[in-house]
Amino acid sequence: MHVFVTGASGYIGGTVATRLVRAGHTVTGLTRDRAKAEALSRIGVRPVVGLLDDPDVLADQARRADAVINAADSDHLGAVRTLVAALAGSGKPLIHTSGSSIVGMGTDGEASATVFEEDVLDEGSGWEPSHPVRRARVAVDRLVLAAAEQDVRSAVLCNSLIYGHGRGPAQDSVLIAALVNQARAGGVVQRVGAGRNIWSNVHIDDVADLYLLALAKTPPGTFYFVENGEESFAAMTDAIAAALGLPGPRPWDPDAPGNLWHPEFARHALGSNSRVRATRARGLLGWRPRHRSITGWLATGLVPDSGGLEGHSAGRSR
């Protein structure tokens, strides 16, 4: 296939693009940074420099390709509208990247017992997130799913907390990298409150495998959570402290001065719960993830032999 990937120089998009090339597909990758175009060429991706706000570029590349993966920005409504319009009537796949923060609960580092299934976005479910940013993201997800009515083989992959080294130009993901960067800057590992809050998680290599399966097999208009286990921020920050050889973890007040975390990010991401189940990926697509322990990876893979950090991040798609 010829696949057009937005966000191809990012953590998820770059890893998926690399995996597609290795599987024998032709990949065109959108990047907004001319300096990163050369990096894409080195991994076998044909770069296109442009923005999600360039509808002519997006539409042209989508029509030229056999399939589209949108991994640049989970919240960009205009880009999704452009891609859907360009693919309408074609039967081509459109795989959109979302993040499981849409079901985030709590803000103070305490655990929630609520686990979300994939029917939350089914038509008629009646579920809506409480936070306006999350509602806006869900509106984009629903627009992608509704594209099935226009003969687009659309799917939303709603990733949980991703860990592992990126395989493309970018290696860093949002939540773990935020914890690590703060720890290095402050000399002590911190977490929101007691860190009893829980997030489902998944390894980046397993994520890339699922994108390829979705391209080949997804029924149109299907929403997928992407996870393979869950862990508390207490356990994750314990593992980070051990890996970095730093004291902590210590409770942290989101309103404290002189910190690296924006209070809203701390409360609604690092202090929240996001517990989901990836039933459809396994049942419909035959996805069999191989990596099962984020704390194991933090203990053995967070700090490479050279002593530097290889973290992980997914732009705004978390």
Side-chain angles (χ1 to χ4, degrees), residues 6-7 10-12 32 51-53 55 58 70-85 94 96-147 154-162 173-175 177-179 191-193 197-201 221 223-227 233 252-256 259-277 313-318:
T6 70
Y11 177 63
I12 295 175
R32 63 185 177 185
L51 302 173
L52 293 179
D53 294 315
L58 288 184
N70 184 30
D73 185 341
S74 300
D75 305 316
H76 201 296
L77 178 61
V80 168
R81 283 175 171 164
T82 297
L83 293 171
V84 169
L94 170 60
H96 175 72
T97 304
S98 186
S100 71
S101 62
I102 62 170
V103 297
M105 299 188 68
T107 60
D108 59 1
E110 291 299 322
S112 169
T114 303
V115 178
F116 289 87
E117 303 289 344
E118 290 153 322
D119 59 2
V120 292
L121 258 69
D122 286 355
E123 188 173 356
S125 74
W127 174 82
E128 290 289 344
S130 58
H131 195 281
V133 172
R134 291 170 178 150
R135 287 199 297 272
R137 177 171 295 181
V138 167
V140 175
D141 292 345
R142 286 181 169 141
L143 179 61
V144 174
L145 298 175
S154 61
V156 172
L157 298 191
C158 190
N159 299 302
S160 57
L161 191 162
I162 306 178
S173 128
V174 171
L175 295 186
L179 294 167
R191 61 194 176 207
V192 176
N197 54 306
I198 299 167
W199 269 63
S200 298
N201 57 74
F223 176 83
Y224 302 89
F225 281 127
V226 186
E227 59 77 31
F233 271 74
W252 176 83
D253 178 4
D255 294 317
N259 60 75
L260 294 180
W261 299 331
H262 189 284
E264 285 292 298
F265 173 74
R267 291 189 180 94
H268 294 284
L270 301 177
S272 68
N273 296 264
S274 178
R275 305 180 66 186
V276 300
R277 295 295 180 264
S313 192
R316 296 186 65 190
S317 63
R318 305 295 91 238

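Everything numeric in this text was worked out from a predicted model, so none of it was measured.
Here the CG atom belonging to Asp73 is positioned 11.5 Å from the CG atom belonging to Leu51, to the nearest 0.5 angstrom. The distance from atom CE of Met105 to atom OG1 of Thr114, rounded to the nearest 0.5 Å, is 4.0 Å. A distance of 14.0 Å separates CD1 of Ile102 from NE2 of His131, quoted to the nearest 0.5 Å. For the atom pair CG (Leu161) and CD1 (Ile198), the distance works out to 13.0 Å, reported to the nearest 0.5 Å. Here the CG-CG distance, from Leu260 to Leu179, works out to 11.0 Å after rounding to the nearest 0.5 Å. Of the inter-residue distances, the one linking Arg275 atom CZ with Glu117 atom CD reads 11.0 Å to the nearest 0.5 angstrom.
Of the possible polar contacts, none joining the Glu227 side chain to the Ser200 backbone as a donor-acceptor pair under 3.5 Å is found. A donor-acceptor pair is defined here as one N or O able to donate and one able to accept, closer than 3.5 Å; such a pair exists between the side chain of Asn273 and the backbone of Glu110. Formation of a donor-acceptor pair under 3.5 Å by the Trp261 side chain with backbone atoms of Ala178 is found in this model. A donor-acceptor pair under 3.5 Å is absent between the side-chain atoms of Asn70 and the main chain of His96, judged by distance alone.
Within the 4.5 Å cutoff, side-chain heavy atoms of Asn159 are placed close to those of Val226. Leu121 places a side-chain heavy atom less than 4.5 Å from the side chain of Trp127. The closest side-chain heavy-atom distance from Leu145 to Phe223 is below 4.5 Å. Within the 4.5 Å cutoff, the side chain of Arg277 has heavy atoms near those of the Val115 side chain. Looking only at side-chain heavy atoms (C-beta outward), Val174 and Ile162 stay at 4.5 Å or farther from each other. Between Asp75 and Val140, the closest side-chain pair of non-hydrogen atoms is not below 4.5 Å. The side-chain heavy atoms of Ser98 and Val156, taken from C-beta on, include a pair separated by under 4.5 Å. Taking 4.5 Å as the limit, every side-chain heavy atom of Trp199 sits out of range of all side-chain heavy atoms of Leu270.
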Given the rule in the side-chain contact (heavy atoms from CB on, under 4.5 Å) test, do Trp252 and Arg191 qualify, once you have shown the distances and angles that lead to the verdict? CA-CA 6 Å; Trp252 176 83; Arg191 61 194 176 207; over 6 Å; no

Where do Phe225 and Val103 land on the side-chain contact (heavy atoms from CB on, under 4.5 Å) test, with the steps shown first? CA-CA 11 Å; Phe225 281 127; Val103 297; 4.1 Å; yes

Between Tyr224 and Val276, does a side-chain contact (heavy atoms from CB on, under 4.5 Å) hold up when you go through it step by step? CA-CA 10 Å; Tyr224 302 89; Val276 300; over 6 Å; no

Might you work through the side-chain contact (heavy atoms from CB on, under 4.5 Å) test for Leu52 and Thr6, ending with a clear yes or no? CA-CA 8 Å; Leu52 293 179; Thr6 70; 4.3 Å; yes

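Between Leu175 and Ala269, the shortest heavy-atom contact is CD2-CB, 3.8 Å. Thr97 approaches Ser74 most closely through the heavy-atom pair O-OG, 2.8 Å. Taking every heavy atom of both residues into account, Ser154 and Val144 meet most closely at OG-O, 2.8 Å.
Counted within 6.0 Å of CD on Glu123, heavy atoms from surrounding residues, nucleotides or ligands total 12 or fewer; the atom is thus considered open.
Under the ring pair (Phe, Tyr, Trp, His ring centres under 6.0 Å) criterion, His76 pairs with no residue at all, not counting sequence neighbours. The salt bridge (Lys or Arg N to Asp or Glu O under 4.0 Å) test applied to Asp122 returns Arg280, not counting sequence neighbours.
Side-chain atoms of Ser160 and Asn201 include no donor-acceptor pair closer than 3.5 Å. Residues Ser274 and Ser100 have side chains that bring a donor and an acceptor to within less than 3.5 angstrom of each other.
The residue from Arg134, Arg142, Arg135 that alone fulfils the side-chain contact (heavy atoms from CB on, under 4.5 Å) condition with Val138 is Arg142.
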